[in-house]
Amino acid sequence: MKIATYNVNGIKARLPRLIEWLTETQPDVVCLQELKSSDETLPIKDVEAAGYGGVWHGQKGFNGVAILARGAAPVEVQRGLEGDPEDVQSRYIEADVFGIRVAGIYLPNGNPQPGPKFDYKLAWMERLRKRAQALLAEEVPALIAGDFNVIPNDDDIYKPTAMADDALMQPESRAAYRRLLGDGWTDALRRRYPAGGVWTYWDYQAGAWQRDAGFRIDHLLLSPALADRLTDAGVDKDHRGREKASDHAATWIRLHDHRD
DNA sequence: ATGACTAATAGCATTAGA
C-alpha cells in the first residue's frame, strides 16, 4: 500500500497536475494540503472521476486539507484540533481508511518570527502533540502526514544558513517536532534515508529547483505498528519539474500489505 | 533587502506562503 502527502498549493490551479499524478502513481491514500478553496468550490467530482473518494476540509483562499482513498471512502473521525476554540483555520483532518487512522495536517508556517504567527505555530504543535498522544494511546495503526513546515535537521536542507532565521528551522520548532518523535512516532523518510539530503520543497524563486536548493518539510510519521510495516519511502521529484507544478513534491511511503 | 515567484481575492494591489 502506498500512502502519500502532497501540498498542492491551490487545488484549482493544480487540478490537471493532481489528476495526472494520481493516475500515474496510483497512491492508495493521499493527504492533500493548501487546497486554497472553500468547500463549495472544491473540485471533488474531478477527483472522484479519477477514482478517489475523500473527506474534505476547505477554506476560502488559504489552508485547506483533505484525505483521499483510491476506490474507497475514508470515514471522517475529526476535523480541527482541540485546545483553541478561536481557531477557524482548516489545517487538520482525520479519517479511518484501509484499517489505518490517517491524520492529515497543514502545520502553520510561523513566519515572521518572533511574533504572533510563530506563537500560533508553536501552540498548534502542542495541540497536535496532544492529539497524537491520544492516537498512540488508542493503539490503532496510525499515521500523521502532511506539510509540517519544520526542517528537522541541518541535513534536511541544501544550506542551513539560507534559512537560519526562518520559523521552519528555529530551535523551538525543531524541539516540538522532536517531542512528537519522542512520544513514539517514526519519521518514515528519515528511517529510509538516515543520512538526510532528501528534499520535498523547492522555492519558486531564484531558480531553486534548477539549483536543487530544496529542503524537507513534508513528513509521514508512523505509529509503532505501521513503522514495522514500512518497506520503502520516497519523493515524486519528477512531477516537481513539470509545467505549472506545485512548489512541493508528493512524498510517499509503502507499507507491507495485501494491496502490494 | 522583504526582493525574487505563485495563487487567491478582488484587482488595476495586497496577502500569504516558506
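Residue numbers start from 1 in every chain, and the chains themselves are labelled A, B, ... in the order their sequence lines are given, proteins ahead of strands.
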Could you tell me whether [X] contacts a base, only the sugar-phosphate backbone, or nothing, with contacts defined as non-hydrogen atoms closer than 4.0 Å?
X: A:Asp218; result: nothing
X: A:Asp165; result: nothing
X: A:Asn109; result: base
X: A:Tyr106; result: sugar-phosphate
X: A:Arg17; result: nothing
X: A:Lys244; result: sugar-phosphate

Value in whole Å for how far the [atom2] atom of [N] lies from [atom1] of [X]:
X: A:Gln113; N: B:dA18; atom1: CD; atom2: C1'; result: 13 Å
X: A:Glu40; N: B:dT9; atom1: CD; atom2: P; result: 12 Å
X: A:Tyr120; N: B:dA16; atom1: OH; atom2: P; result: 13 Å
X: A:Tyr201; N: B:dT6; atom1: OH; atom2: P; result: 11 Å
X: A:Asp203; N: B:dT2; atom1: CG; atom2: P; result: 17 Å
X: A:Phe62; N: B:dT6; atom1: CZ; atom2: C1'; result: 13 Å
X: A:Asp147; N: B:dA16; atom1: CG; atom2: C1'; result: 13 Å
X: A:Arg240; N: B:dA18; atom1: CZ; atom2: P; result: 13 Å

Looking only at side-chain N and O atoms, does A:His248 come under 4.0 Å of OP1 or OP2 in B:dG17?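 False: A:His248 side-chain N/O out of range (4.0 Å or more) of B:dG17 OP1/OP2.
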Which sits closer to the 5' end of DNA chain B, A:Ala13 or A:Asn149, going by the nucleotide each is nearest to?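 Closer to the 5' end of DNA chain B: A:Ala13.
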Return whichever of A:Asn7 or A:Ser38 has its heavy-atom-nearest nucleotide of DNA chain B closer to the 5' end.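 Its nucleotide being nearer the 5' end, the pick is A:Ser38.
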Rounded distance in Å between the P positions of B:dC12 and B:dA1: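 Pairwise P distance, B:dC12 against B:dA1, rounds to 30 Å.
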Hey, are A:Asp156 and A:Arg216 close enough for a salt bridge, meaning a charged N less than 4.0 Å from a carboxylate O?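 Salt bridge between A:Asp156 and A:Arg216, a charged N being under 4.0 Å from a carboxylate O: yes.
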Charged N to carboxylate O below 4.0 Å: is that the case for A:Glu126 and A:Arg179?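 Salt bridge: yes.
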If we count only N and O atoms by modelled type, under 3.5 Å, do the side chains of A:Asn9 and A:Tyr204 hold a donor and an acceptor together?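 Looking only at side-chain atoms, A:Tyr204 and A:Asn9 do form a donor-acceptor pair, the distance falling under 3.5 Å.
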Within the 3.5 Å criterion, strictly below it, is a donor on A:Asp147 or A:Gln33 matched to an acceptor on the partner's side chain?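 The criterion, which ignores hydrogens and geometry beyond distance, is not satisfied for A:Gln33 and A:Asp147.
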Closest heavy-atom pair and its distance - A:Tyr52, A:Asp28: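 So the two residues come closest at CE2-O, 4.5 Å.
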Nearest of [options] to any side-chain atom of [X]?
X: A:Arg91; options: B:dA18, B:dG17, B:dA7; result: B:dG17
X: A:Lys117; options: B:dA16, B:dA10, B:dA18; result: B:dA16
X: A:Lys12; options: B:dG17, B:dA8, B:dA18; result: B:dA8

